[in-house]
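Step one of this worksheet: look at the structure below.
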Amino acid sequence: MIVLGIESSCDETGVAIYCSERGLLADRLFSQVDLHVDYGGVVPELASRDHVRKTVPLIREVLQDAGLNLDALDGIAYTAGPGLIGALLVGAAIAQSLALALDIPAVAVHHMEGHLMAPMLEDNPPELPFIGLLVSGGHTQLVSVSDFGCYEMLGESVDDAAGEAFDKAAKMLGLDYPGGPRIAALAEQSRARGTPLRYQFPRPMTDRPGLDFSFSGLKTYMLNTVEQESQAGRLDEATKADIARAFEEAVVDTLRIKCRRAIEQTGIKTLIIAGGVGANRCLRQTLLETTEKMGARVVYARPKFCTDNGAMIAYVGCRRLLAGERSSSSFAVRARWPMTELTQF
């Protein structure tokens with residue numbers, strides 16, 4: 001089965017073609033970062049309009065890359081949530097219209113299920129069961145995956161997601177959006193020539209049982225530190241780098257502690273990391289060292305598939321279409337959509 005996947009949940013337009021026999025045939029991604037950077041975050045109306053402009057040209061490009069025409073498609077998958085309603089509607093409308101014109105089925109895909117299954121696109125995919133750490137701008141979740149479509153939520157953020165905390169921390173330091181890569185770059189500067197342990201940030205909610213996350217207090221601690229150093233006239237570039245390092249290490253260490261706890265509590269020895277923050281090199285190295293000490297394995301999606309992309313949507317859509325799932329042409333998209341509501345097969 002050959003499936004076209006369309007991802008338009010937020011500020012990236014992703015389109016890909018996945019074949020059940022040959023794997024990923026082509027994928028294209030257009031990021032709207034330059035469009036939103038002047039606003040310090042995503043502007044939903046601008047995001048929706050840009051998806052309108054970019055989706056159809058990207059469909060043409062992936063078809064050309066794969067050496068296919070529209071008649072070769074057996075189905076179309078699209079992100080139906082969670083995400084920005086206007087952005088989701090663009091992808092859903094294009095997917096459903098195209099499916100109707102070609103007389104092929106369309107299927108709605110859960111955005112976070114796409115991220116969760118992104119490591120399956122790798123040459124050495126993880127075996128079930130596994131624990132998934134979904135860590136992005138909008139979500140921080142630990143999920144137990146016993147089978148495709150069978151998910152148990154182990155823990156999630158009760159306030160800010162990790163990626164959102166990175167963006168807000170970057171803004172406090174006067175860095176551009178998106179904040180995660182900017183904080184990571186400053187942290188690397190500190191590791192190269194900064195002052196180790198100059199700042200000690202808290203590891204929120206690690207001193208109590210459970211697997212939930214909270215990053216709002218860490219964000220407040222960051223703000224207080226920046227204001228204190230600024231008022232003292234010490235907020236130079238070296239200080240900013242040391243603060244960024246302390247913040248990054250606090251987030252990473254918090255995620256490490258919770259992942260280790262999840263492995264110990266479930267006995268599941270495979271951990272997958274997905275979502276935009278999964279591209280963070282400090283997080284990757286830290287979790288690799290932690291799992292090795294525990295006799296466990298950590299698997300990442302490649303960096304290009306950590307961020308939003310069409311390949312993960314095409315893959316999940318192909319699996320669901322092969323299982324007989326179909327979406328009605330009277331489609332609906334959802335800003336919020338608990339992953340535990342998904343059907344198992």
Side-chain angles (χ1 to χ4, degrees), residues 10-12 29-42 115 118 133-140 160-204 213 215 218-230 234-256 259 273-290 298 300-309:
C10 191
D11 62 340
E12 287 162 320
L29 182 72
F30 180 82
S31 173
Q32 300 177 1
V33 166
D34 292 341
L35 180 66
H36 301 287
V37 66
D38 290 340
Y39 303 96
V42 178
H115 276 305
L133 173 65
L134 299 175
V135 56
S136 67
H139 298 80
T140 303
D160 289 357
E164 183 182 7
F166 270 116
D167 286 341
K168 291 178 178 177
K171 193 171 184 178
M172 295 173 197
L173 290 174
L175 304 176
D176 288 337
Y177 171 86
R182 271 70 175 184
I183 289 284
L186 267 185
E188 286 301 315
Q189 291 181 27
S190 175
R191 292 187 186 97
R193 53 183 181 272
T195 305
L197 304 179
R198 181 178 175 184
Y199 300 98
Q200 289 292 309
F201 280 34
R203 275 55 171 165
F213 302 89
F215 294 105
L218 183 61
K219 179 186 65 179
T220 301
Y221 194 95
M222 173 78 171
L223 178 62
N224 291 338
T225 301
V226 171
E227 289 182 345
Q228 177 180 316
E229 296 302 89
S230 178
R234 294 191 294 261
L235 197 61
D236 55 14
E237 288 304 306
T239 297
K240 288 182 178 181
D242 288 341
I243 292 174
R245 175 181 180 179
F247 181 83
E248 180 188 58
E249 290 179 352
V251 173
V252 167
D253 199 37
T254 299
L255 296 173
R256 176 192 66 82
C259 286
I273 314 299
V277 182
N280 182 283
R281 281 188 284 182
C282 179
L283 176 65
R284 286 177 171 244
Q285 183 61 35
T286 297
L287 290 181
L288 176 63
E289 295 171 357
T290 298
V298 63
Y300 298 91
R302 73 192 76 169
K304 67 181 289 188
F305 292 151
C306 285
T307 57
D308 295 350
N309 64 88

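Throughout, residue positions are numbered sequentially from 1 according to the sequence presented.
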Query raised in the report: Does atom CZ of Arg281 have more than 12 heavy-atom neighbours, drawn from other residues, nucleotides or ligands, at distances under 6.0 Å?
Result: no

**Report entry** Derivation of the side chain to side chain contact (heavy atoms under 4.5 Å, CB included) call for Thr286 and Leu255
**Finding:** CA-CA 10 Å; Thr286 297; Leu255 296 173; over 6 Å; no

Mind listing the closest non-hydrogen atom pair of [X] and [Y] along with its distance?
| X | Y | answer |
| --- | --- | --- |
| Leu218 | Pro202 | CD1-O, 3.5 Å |
| Ser136 | Gly276 | CB-N, 4.0 Å |
| His115 | Cys306 | CE1-O, 3.2 Å |
| Gly179 | Ala170 | CA-CB, 3.4 Å |
| Gly138 | Ala161 | C-CB, 3.5 Å |

By side chain to side chain donor-acceptor pair (under 3.5 Å) - contacts of [X] (at least two apart):
| X | value |
| --- | --- |
| Thr225 | none |
| Asp253 | Arg203, Arg256 |
| Gln32 | His36 |
| Asp236 | Thr239 |

Rounded to the nearest 0.5 Å, what separates atom [atom1] in [X] from atom [atom2] in [Y]?
| X | Y | atom1 | atom2 | result |
| --- | --- | --- | --- | --- |
| Leu235 | Glu227 | CG | CD | 10.5 Å |
| Tyr199 | Gln228 | OH | CD | 8.0 Å |
| Lys219 | Asp167 | NZ | CG | 11.5 Å |
| Leu173 | Lys240 | CG | NZ | 6.5 Å |

Query raised in the report: Under the side chain to side chain contact (heavy atoms under 4.5 Å, CB included) criterion, do Thr140 and Val277 qualify, and how do the steps go?
Result: CA-CA 10 Å; Thr140 303; Val277 182; over 6 Å; no

**Report entry** Residue list, salt bridge (Lys or Arg N to Asp or Glu O under 4.0 Å) with Lys168, at least two apart or on another chain
**Finding:** Asp160, Glu164

Query - Residue list, salt bridge (Lys or Arg N to Asp or Glu O under 4.0 Å) with Arg193, at least two apart or on another chain - result: none

Query raised in the report: Considering residues at least two apart in sequence or located in another chain, which fulfil the ring-ring contact (aromatic ring centres under 6.0 Å, His included) criterion with Phe201?
Result: Tyr221

With sequence neighbours excluded, what pairs up with [X] under the side chain to side chain contact (heavy atoms under 4.5 Å, CB included) test?
| X | value |
| --- | --- |
| Ser31 | Glu12, Val33 |
| Cys10 | Val42, Leu84, Asp308 |
| Lys171 | none |

Query raised in the report: side chain to side chain contact (heavy atoms under 4.5 Å, CB included) between Ile243 and Met172: does it pass, once the steps are laid out?
Result: CA-CA 11 Å; Ile243 292 174; Met172 295 173 197; over 6 Å; no

Query raised in the report: Which is it for Thr290 and Cys259 under the side chain to side chain contact (heavy atoms under 4.5 Å, CB included) test, yes or no, and what are the steps along the way?
Result: CA-CA 9 Å; Thr290 298; Cys259 286; over 6 Å; no

Please tabulate, for the side chains in residues 182-190, all donor-acceptor contacts under 3.5 angstrom to protein atoms that are two or more places apart in sequence or on a different chain.
from   : atom 1 : to     : atom 2 : distance (Å)
Arg182 : NH1    : Pro178 : O      : 3.4
Glu188 : OE2    : Arg191 : NH1    : 2.9
Ser190 : OG     : Asp242 : OD1    : 2.6

**Report entry** Heavy-atom side-chain proximity of Val135 to Asn280 below 4.5 angstrom
**Finding:** no

Report summary line: So the ring pair (Phe, Tyr, Trp, His ring centres under 6.0 Å) pairs with at least one residue in residues 161-190 (sequence neighbours excluded) are Phe166-Phe247

